[in-house]
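Reviewing the structure listed below.
Just so it is clear, the values below take in all heavy atoms, side chains as well, and ignore hydrogens, waters and symmetry mates. Each residue takes its place number in the sequence, starting with 1.
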Amino acid sequence: MSRTLARTAVLTATAATALLASAGTAAAAPACSDPVADALHTVHDTTGDPAGAVHAVEETYCSVS
């Protein structure tokens, strides 16, 4: 049980660090807007994306394009 809690804590801390580190980059970057990005954004907003998978794909797509 303690190993699971420790792993959860590490994953949470890692995710929080990545989120904070990317916040400045995301704020500085122009909004990604094309048909694919718009569709991903719509799915993300419509479903709420509880697992964060669509958001991750959207962010990756926009950072590459």
Side chain to side chain donor-acceptor pair (under 3.5 Å) partners of residues 39-54, not counting sequence neighbours, each pair once: H41-D45, H41-E58
So which atom in C32 and which in D38 form the shortest heavy-atom distance, rounded to 0.1 Å? O-OD1, 4.5 Å
Any residue meeting side-chain contact (heavy atoms from CB on, under 4.5 Å) with V36, in chain and number order, not counting sequence neighbours: D34, L40, Y61
